[in-house]
Protein chains: 2
Amino acid sequence: MAVSARRGTPLTPEEIYNMALRLVDEVGVEGLSMRKLAAELDVNPMSLYHHVESKTALISQICASQGLRMELPGEDLPWRERVRLLAHAYRSLSRDHPNMWRYVHSHPEIIASRTGGLWDVLFSILVTVGVPESELRRTADVLYGFVTGLVFAESAGHIGQGQDPREADRTFETAIDLIIRGLGG
Amino acid sequence: MAVSARRGTPLTPEEIYNMALRLVDEVGVEGLSMRKLAAELDVNPMSLYHHVESKTALISQICASQGLRMELPGEDLPWRERVRLLAHAYRSLSRDHPNMWRYVHSHPEIIASRTGGLWDVLFSILVTVGVPESELRRTADVLYGFVTGLVFAESAGHIGQGQDPREADRTFETAIDLIIRGLGG
DNA sequence: ACCTGAACACCGTTCAAGT
DNA sequence: ACCTGAACACCGTTCAAGT
């Protein structure tokens with residue numbers, strides 16, 4: 001029955017993850033501290049360490065679970081459409097939690113496993129397009145770099161600053177068009 | 001004549017910048033601390049603040065000065081060649097100080113001024129290609145996102161992990177080819 | 001002018017002690 | 001089992017005092 005003195009219920013990992021993500025949304029990963037997180041949960045800072053190995057582990061768990069939320073396009077669509085949907089899926093992830101993705105982007109070790117189905121879909125698209133076996137890996141890497149880079153530049157404000165959102169959308173379409181044309185579309 | 005007790009000569013900003021960049025190369029921006037920097041310079045941590053406003057200011061000065069090192073391609077070259085050279089120039093910057101550029105990438109405020117001549121060259125290339133006035137800004141943004149994203153994914157190890165360097169070079173060429181084809185080349 | 005030590009308000013994390 | 005306070009080894013930065 002040993003329960004927090006300050007709260008009625010015991011801590012759960014989910015509670016911790018959710019609050020951590022909320023804080024990251026507000027103040028960024030750099031702005032998140034175990035102590036602030038604990039305060040927000042109305043708990044002693046050290047209690048967290050019974051449910052979470054470390055701050056780094058906490059962050060990577062959140063990131064991993066977010067990565068799984070990506071909505072991958074179905075196999076039956078024309079490849080141009082699949083490219084478009086895949087790019088938009090990634091962009092939409094990044095827009096839900098920009099602070100988190102900005103961090104992930106510069107800490108690759110956090111999603112060392114190449115984000116689940118994304119790569120399978122990408123390869124399958126390229127096969128459809130007719131990219132030769134020997135170029136598959138290279139081309140997939142290039143497209144990954146392009147799309148993540150664009151999404152990132154957008155979310156970090158490197159590009160399209162102070163424009164209305166519709167303009168940002170159009171820039172993104174321009175990018176997809178360029179990719180499709182580059183792939184031979 | 002009031003001079004450091006621990007060193008013969010007074011501190012200079014250049015000394016501080018150089019050592020800071022060296023440390024960033026070794027341990028990353030996150031790993032750099034004013035205290036370590038001071039220790040490395042054999043100086044009291046607080047002495048630094050007579051030459052540098054803050055850690056953030058120090059970092060952004062280093063970044064800015066590095067940005068100026070980019071070697072821009074000449075106006076007289078064919079546009080395909082200029083695209084290629086511009087991309088390589090950016091890549092080579094990032095390879096000289098990967099830790100620093102990984103940081104810049106997620107801290108756009110640091111190079112708020114759109115990295116000098118890069119954008120002029122980019123626009124001029126696109127005009128040559130025949131991109132209509134109304135699409136210039138959008139297309140430049142897209143290319144910027146693509147190239148920085150690719151360079152970044154490469155330097156962060158998101159793509160091309162554990163490959164021999166020649167393979168990375170070929171991936172980069174694949175990227176440039178795709179861009180050129182996408183631009184209508 | 002330039003340097004310095006002590007101090008302040010923070011970190012992540014360990015550890016021994018509590019229930 | 002779960003929680004806790006004190007403590008350790010760090011941060012960036014301010015400030016008053018030294019030469």
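Within every chain, numbering begins at 1; the chains are lettered A, B, ... in the order of the sequence lines, protein sequences first and strands thereafter. Computed over heavy atoms, backbone and side chain alike; hydrogens, waters and symmetry mates excluded.
The residue A/S47 sits close to a base: some heavy atom pair falls under 4.0 Å. Nucleic acid contact for B/L48: none, since no nucleic acid atom lies under 4.0 Å from a heavy atom of the residue. Nucleic acid contact for B/M46: base, since at least one base atom lies under 4.0 Å from a heavy atom of the residue.
In this structure, CG of B/L37 is placed 12 Å from P of D/dT13, rounded to the nearest angstrom. The separation between A/L41 atom CG and D/dC2 atom C1' is 15 Å, rounded to whole Å. Here the C1' atom of nucleotide D/dT13 and the NE2 atom of B/H50 are 12 Å apart, to the nearest Å. Following rounding to the nearest Å, A/K36 (NZ) and C/dA9 (P) show an atom-to-atom distance of 16 Å. As a whole-Å value, the separation of B/L32 CG from C/dC11 P is 20 Å. Between the C1' atom of C/dC3 and the CD1 atom of B/I16 lies a distance of 12 Å, rounded to the nearest Å. When rounded to the nearest whole Å, the span between CD of A/E53 and P of C/dG12 equals 16 Å. Per the geometry, CG belonging to A/N44 stands 11 Å off C1' belonging to D/dA6, to the nearest Å.
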**Report entry** Watson-Crick and G-U pairing of DNA chain D, under 3.5 Å, as dot-bracket with | and [ ]
**Finding:** ||.|||||...|||||.||

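Ring geometry for A/H107 versus A/Y103: interplanar angle under 30°, hence parallel rather than tilted (30 to 60°).
The pair A/D141-B/R170 does not count as a salt bridge, with every side-chain nitrogen at least 4.0 angstrom from each carboxylate oxygen. Under the 4.0 Å criterion applied to side-chain N and carboxylate O atoms, A/R95 and A/E154 are assigned as salt-bridge partners. With salt bridges taken as basic N to acidic carboxylate O contacts below 4.0 Å, one links A/D177 and A/R84.
Sorted by first then second residue, the ring-ring contact (aromatic ring centres under 6.0 Å, His included) pairs that include residues 165-185 of chain A, not counting sequence neighbours, are A/H88-A/F172. Residue pairs meeting the side chain to side chain donor-acceptor pair (under 3.5 Å) criterion with at least one partner in residues 47-68 of chain B, sequence neighbours excluded, are B/Y17-B/Q61.
In this structure, B/M70 and B/L118 approach most closely via the heavy-atom pair CE-CD1, 3.2 Å.
Looking at heavy atoms from C-beta onward, B/E167 lies in side-chain contact with B/T171 at the 4.5 angstrom threshold. Residues B/E81 and B/P73 form no side-chain contact, since every pair of their non-hydrogen atoms from C-beta on lies 4.5 Å or further apart.
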Query raised in the report: Can you check side-chain contact (heavy atoms from CB on, under 4.5 Å) on A/T148 and B/F152, steps first, answer last?
Result: CA-CA 10 Å; A/T148 57; B/F152 187 77; over 6 Å; no

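Interface residues of residues 21-30 of chain B facing DNA chain C, ordered by number: none; criterion, heavy-atom separation under 4.0 Å. A heavy atom closer than 4.0 Å to some atom of DNA chain D occurs in no member of residues 54-62 of chain A.
Remark: B/H51 is in phosphate contact with C/dC3, judged by side-chain N or O atoms under 4.0 Å from OP1 or OP2.
The hydrophobic cluster containing A/I180 also contains A/L143, counting ILVMFWY residues as joined when their side-chain heavy atoms lie under 4.5 angstrom apart, directly or transitively.
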Below 3.5 Å, can you tabulate the donor-acceptor pairs from side chains in residues 28-41 of chain B to any protein atom, sequence neighbours excluded?
from, atom 1, to, atom 2, distance (Å)
B/S33, OG, B/R35, N, 3.4
B/S33, OG, B/K36, N, 3.0
B/K36, NZ, B/G31, O, 2.6

